[in-house]
Trainee: 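I have a structure here, written as structure tokens, and I will follow up with some questions on it.
Each chain gets a letter, A, B and so on, in the order its sequence line appears, and its residues count up from 1.
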Protein chains: 2
Amino acid sequence: MNLKNQVEWALHCCAVMMALPDGATLPAKVLAEFHGVPKEYLSKALQALSQAGIVVGTLGPTGGYRLAKKPEEITFLDIVEAVEGRRSTFQCGEIRANNPCLPKKHRASGPCTVARIMWQADEAWRTSLRGVTLAAMGEQLAQDVPAEILEKSRNWLVSRA
Amino acid sequence: MNLKNQVEWALHCCAVMMALPDGATLPAKVLAEFHGVPKEYLSKALQALSQAGIVVGTLGPTGGYRLAKKPEEITFLDIVEAVEGRRSTFQCGEIRANNPCLPKKHRASGPCTVARIMWQADEAWRTSLRGVTLAAMGEQLAQDVPAEILEKSRNWLVSRA
DNA sequence: GAAGTCTTACTCGGATACTTAATGTCCGAGTCTAGCAGG
DNA sequence: CCTGCTAGACTCGGACATTAAGTATCCGAGTAAGACTTC
């Protein structure tokens, strides 16, 4: 079980868009070139972000994508769920219902014990992701990446926005 | 991205084996019948548990599986990792290395910022699973399931052990 | 009758087909820019 | 020279092949039990 690599791409794209001046847009083509990934496929991830209301896409020449909200209002969970879906990673098959010892008209009183524990863990994962905003990630990024590279990349992007 | 349904089956099987008297074994055939799942496929999950040292399988007639340790010493994480593998759900593709602004001989100083955040969330998930032992699950199960059914199932299983 | 041996049937374990989801690619609908013609 | 128009090219958006992973199944190796033969 792996997360789609589109999740990774979407996160990186959002990080990049954060560096844009207000109102400027980046075409998927440029984002794809910057990250070295197939343009057409990356589009699907950006579409998902668009449908989730995280980014907005404008058409025509000089069109492209930009963040729809402030970086402080976008969490990692928002992005991950936009691409991966909101379903829990664990889905209960209700196999307890196949227990041959169950009386005919037995109705399960609540969710399966196993499922409940798995869902708790899933919720812990989501809570962790919910606690990190794009803005917070930007601060951490400034510490991890040399200022020179950061500035160079910023210029490279803005020149094609 | 979904966890394999084998994970669910493995967890239920461990829960069932917890009800066995010491030394008794349950064949995969019986476990499959009890849960209403294909026997041959369930075997794969049990094999994974066996290789991980969570259960032991004995051959021949009256053979089968039993827990290899005490329920207090087996965590949900052990079982999940035995079936799903120990790799993180998020794997970093190092797409930052494709940044065209990077100097030729640039070596990344540490893990990708994005990856680090995702791995933290993954670790939160694992920590949650690590905190629940089979024994703890057994207690919760006793509260969720009527005693009558619990006893009936126990007899059904022991009679075929 | 008891002990040893042999057959037998049952178990797990790994190797083999099939189906679904993820990956990658393509083409069409819509729109803004830029050039061009006309006033 | 300025304005309006038109054509073009670029954008996103959804529909279509290809590949990997998950799902399901089969058959063989090994073992313990039980029946049989022999002493």
Side-chain angles (χ1 to χ4, degrees), chain A residues 1-10 13 17 23-33 35-68 80 82-85 87 89-91 93 95 160-161, chain B residues 1-10 13 17 23-33 35-68 80 82-85 87 89-91 93 95 160-161:
Chain A
M1 109 75 199
N2 291 327
L3 275 77
K4 311 185 197 177
N5 52 16
Q6 283 191 355
V7 172
E8 182 184 8
W9 302 352
C13 284
M17 282 188 253
T25 63
L26 268 184
K29 181 181 176 185
V30 173
L31 285 166
E33 185 185 353
H35 292 116
V37 297
K39 173 198 122 187
E40 311 285 0
Y41 189 26
L42 176 63
S43 296
K44 279 197 68 173
L46 292 167
Q47 281 174 38
L49 293 177
S50 174
Q51 288 182 347
I54 296 171
V55 302
V56 288
T58 54
L59 295 184
T62 74
Y65 290 100
R66 65 176 175 81
L67 293 178
V80 171
V83 177
E84 277 290 345
R87 273 200 315 277
T89 56
F90 179 87
Q91 65 259 48
I95 62 175
R160 290 150 214 249
Chain B
M1 129 45 215
N2 291 328
L3 274 77
K4 311 184 196 179
N5 52 15
Q6 283 191 355
V7 172
E8 181 184 10
W9 301 354
C13 284
M17 282 189 254
T25 62
L26 269 184
K29 181 182 175 183
V30 173
L31 285 167
E33 185 185 354
H35 292 116
V37 299
K39 173 198 124 190
E40 310 285 0
Y41 189 27
L42 177 62
S43 297
K44 279 199 67 174
L46 293 167
Q47 281 175 37
L49 292 177
S50 175
Q51 288 181 347
I54 296 171
V55 304
V56 288
T58 53
L59 296 184
T62 74
Y65 291 98
R66 64 174 175 82
L67 293 179
V80 171
V83 177
E84 278 289 344
R87 273 201 315 278
T89 56
F90 178 86
Q91 66 258 47
I95 61 174
R160 291 152 215 247

Trainee: How many angstroms lie between atom CD of A:Gln6 and atom NZ of A:Lys44, to the nearest 0.5 angstrom?
Mentor: 6.0 Å
Trainee: Looking at the side chain of A:Glu40, which of D:dG13, D:dG8, D:dA33 is the nearest nucleotide?
Mentor: D:dG13
Trainee: Rounded to the nearest angstrom, tell me the gap between atom NZ in A:Lys39 and atom P in D:dC10.
Mentor: 10 Å
Trainee: By nearest atom, which of the nucleotides C:dA15, D:dC12, D:dG22 is closest to the B:Lys4 side chain?
Mentor: D:dG22
Trainee: Counting side-chain heavy atoms from CB outward, which of C:dG14, C:dT33, D:dG22 is closest to B:Gln51?
Mentor: C:dG14
Trainee: Have a look at B:Thr25 and say if it touches a base, only the backbone sugar-phosphate, or nothing, with a 4.0 Å heavy-atom cut-off.
Mentor: nothing
Trainee: Among the nucleotides C:dT23, C:dC32, D:dT25, which one has an atom lying closest to any side-chain atom of B:Tyr41?
Mentor: D:dT25
Trainee: Counting only side-chain heavy atoms from C-beta out, which of D:dG22, C:dT23, D:dG13 sits nearest to A:Asn5?
Mentor: C:dT23
Trainee: Of the listed nucleotides (C:dT25, D:dG13, D:dA33), which one gets closest to any side-chain atom of A:Tyr65?
Mentor: D:dG13
Trainee: In terms of side-chain heavy atoms of A:Trp9, which of D:dA32, C:dG24, C:dG13 is nearest?
Mentor: C:dG24
Trainee: Using heavy atoms to find the nearest nucleotide of DNA chain D for B:Glu84 and B:Leu59 separately, return the residue whose nucleotide is more 5′.
Mentor: B:Glu84
Trainee: Looking only at side-chain atoms of A:Gln47, point me to the closest of C:dG14, D:dG13, D:dA24.
Mentor: D:dG13
Trainee: How many angstroms lie between CG in B:Leu42 and SG in B:Cys13, if you round to the nearest 0.5 Å?
Mentor: 4.5 Å
Trainee: Can you tell me how far apart CD (A:Glu84) and OG1 (B:Thr89) are? Round to the nearest 0.5 Å.
Mentor: 9.0 Å
Trainee: Any side-chain N or O of A:Ser50 less than 4.0 Å from the OP1 or OP2 oxygen of D:dC12?
Mentor: no
